[in-house]
Amino acid sequence: MGLKYQKIGDIVIVKKDLTSDEIEEILKKTKCKAILRYTAQITGDLRIPHVKLLYGNETETIHKEHGCLFKIDVSKIMWSQGNIGERKRIAMIGKQGEVVVDMFAGIGYFSIPLAKYSKPKTIYAIEKNPISYKYLCENVEINNLNNIIPICSDNRNVKLENIADRVIMGYVHKTHKFLDKAFEFLKEKGVIHYHETVAEKIMTKRPIERLKYYAEKNNYFLTKYSIYKVKKYAPGVWHIVVDAEFEKR
Ligand code: SAM
């Protein structure tokens, strides 16, 4: 029948309502405990999904990816399957002993794999949605990590100046508006992983202009950068990430 679905832990997410035969088919194939459908685009800065349960009633699960465990309630928190490659890339990107600030930590999408595989000294994982924060704390526990400090706050209210070798900005809504804060976290020399959604035509221009503008404003200069495509976001629009290295003037 070729039904399209996404499996997060033992929960299946589909894009349309299903007939009882289709539900049966998915249950047979996946042995899932619940099936749900997103009813609207995920919106707002807390990235809360809107869902309809088509089968079952339990929506909390543990998803395993790249050897990491992510406990999540898929009816309350988003899981972006499209970011799987970026979560893997970030896992290995850090250097042992670094200090990292993850400004939009969610349930630990980037912090957990980075803490596990790159062995930084400390990751300050900041998340303002209390439900995501609760899962972030649980995920630190179930992955047996002792190098993540979860902080439940709007990152703009967190006072950690000049401490980070690396800042992760895994958020795509006017991310540039948070760059002043990212430079406040950054040491005299460091890396910012800057995410943005951008039209393909200006993909190599606009994010770099923005990074240079905010670097200048904060007395830094851009020394090196690479741009990577994370996923297609909309027709002609990409979710990209720039690995940008800076030094203080
Ligand atoms: N990168 C993730 C992935 O791989 O699936 C998705 C990150 S999620 C879209 C972004 C998170 O940033 C959400 O959990 C949201 O609550 C949080 N957030 C948004 N604005 C914030 C702010 N000002 N301070 C702290 N957290 C914020």
Side-chain angles (χ1 to χ4, degrees), residues 6-9 11 13 38 40-50 61 63-66 68-94 100-117 123-140 143 148-160 164 166-185 192-197 228-234 238-243:
Q6 180 189 331
K7 196 160 176 250
I8 304 173
I11 293 177
I13 303 198
Y38 289 142
Q41 189 90 7
I42 294 174
T43 51
D45 57 356
L46 297 182
R47 318 301 297 139
I48 296 169
H50 307 272
T61 188
H63 184 67
K64 194 166 182 187
E65 185 184 276
H66 308 132
C68 300
L69 302 174
F70 295 94
K71 193 167 180 186
I72 182 170
D73 184 333
V74 291
S75 71
K76 297 194 178 119
I77 294 159
M78 65 156 292
W79 176 267
S80 171
Q81 195 56 25
N83 293 359
I84 183 170
E86 183 59 12
R87 288 191 290 269
K88 185 172 183 190
R89 193 181 79 85
I90 283 291
M92 303 297 188
I93 214 161
V100 179
V101 173
D102 183 354
M103 288 177 68
F104 303 91
I107 61 162
Y109 308 100
F110 295 134
S111 286
I112 299 284
L114 182 65
K116 183 174 166 106
Y117 294 110
I123 301 178
Y124 296 96
I126 310 168
E127 171 54 46
K128 81 169 177 180
N129 177 344
I131 302 171
S132 300
Y133 171 77
K134 170 185 145 325
Y135 284 107
L136 169 64
C137 296
E138 287 193 44
N139 289 331
V140 171
N143 287 281
I148 299 182
I149 301 179
I151 300 170
C152 189
S153 171
D154 187 309
N155 54 41
R156 289 165 291 199
N157 299 329
V158 175
K159 299 255 172 293
L160 289 169
R166 188 177 299 282
V167 176
I168 302 173
M169 303 182 79
Y171 181 70
V172 291
H173 299 275
K174 301 202 166 94
T175 318
H176 58 286
K177 303 264 183 204
F178 295 85
L179 275 167
D180 284 333
K181 195 68 196 179
F183 282 109
E184 198 180 299
F185 292 137
I192 296 180
H193 301 283
Y194 170 77
H195 290 241
E196 183 171 299
T197 48
Y228 300 92
K229 284 176 176 165
V230 176
K231 62 175 181 289
K232 193 145 217 178
Y233 188 75
W238 286 91
H239 171 175
I240 58 104
V241 56
V242 186
D243 292 357

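We count ligands from 1, going down the list as the structure has it; atoms in each ligand are counted the same way. Along the sequence shown, residues are numbered consecutively beginning with 1. The structure displayed is predicted, hence computed values, not measured ones.
For ligand 1, the atoms closer than 4.0 angstrom to any heavy atom of Ser80 are 5 (O). Atoms of ligand 1 lying under 4.0 Å from at least one heavy atom of Arg87, given by number and element, are 3 (C), 4 (O), 5 (O). Of all the atoms in ligand 1, the ones that sit under 4.0 Å from a non-hydrogen atom of Met103 are 25 (C), 26 (N). Atoms of ligand 1 found under 4.0 Å from any heavy atom of Ser153, numbered from 1 in the order shown, are 24 (N), 25 (C). Numbered from 1 in the order shown, with element, the atoms of ligand 1 that lie under 4.0 Å from a heavy atom of Gly170 read 1 (N), 7 (C), 10 (C). Taking every non-hydrogen atom of Asn129 and a distance limit under 4.0 Å, the qualifying atoms of ligand 1 come out as 16 (O).
Using a 4.0 Å cut-off between heavy atoms, Phe104 contacts ligand 1 through both its backbone and its side chain. Contact annotation: for Glu86 versus ligand 1, there are no heavy atoms closer than 4.0 Å. Residue Trp79 does not touch ligand 1, judged by heavy-atom distances below 4.0 Å.
Ring pair His173/Tyr171: centre-to-centre distance below 6.0 Å. Ring centers of Tyr228 and His195: at least 6.0 Å apart, outside the cut-off.
Here's the thing with Asn155: one of its N/O atoms is less than 3.5 angstrom from an N/O atom of ligand 1. Close N/O approach between Asn83 and ligand 1 is found [any backbone or side-chain N/O within under 3.5 Å].
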message = For Ile8 and Ile72: C-alpha separation, side-chain torsions, deciding distance, then whether side chain to side chain contact (heavy atoms under 4.5 Å, CB included) applies.
response = CA-CA 9 Å; Ile8 304 173; Ile72 182 170; 4.2 Å; yes
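For the ring pair (Phe, Tyr, Trp, His ring centres under 6.0 Å) with His63, the lone residue among Tyr135, Trp79, Phe70, Tyr109 that qualifies is Trp79. A ring pair (Phe, Tyr, Trp, His ring centres under 6.0 Å) with Phe104 holds for exactly one of Tyr133, Phe110, Phe178; it is Phe178.
One finds the OG atom of Ser75 at 8.0 Å from the CD1 atom of Ile11 (value rounded to the nearest 0.5 Å).
Residue Met78 places a heavy atom less than 4.0 Å from ligand 1. His173 does not count as a contact of ligand 1, since none of its heavy atoms falls under 4.0 Å from the ligand. Not a single heavy atom of Ala105 lies less than 4.0 angstrom from ligand 1.
Residues His66 and Lys88 bring no donor and acceptor atom of their side chains to less than 3.5 Å of each other. Side-chain contact annotation: Asn83 with Lys231, donor-acceptor N/O pair under 3.5 Å present.
Asn143 places no side-chain N or O within donor-acceptor distance of the main-chain N or O of Cys68, the cut-off being under 3.5 Å.
Nearest to atom 23 (N) of ligand 1 by heavy atom, out of Leu136, Asp154, Ile151, is Asp154.
With respect to Asp243 and Arg89, a salt bridge is recorded, a charged nitrogen being found less than 4.0 Å from a carboxylate O.
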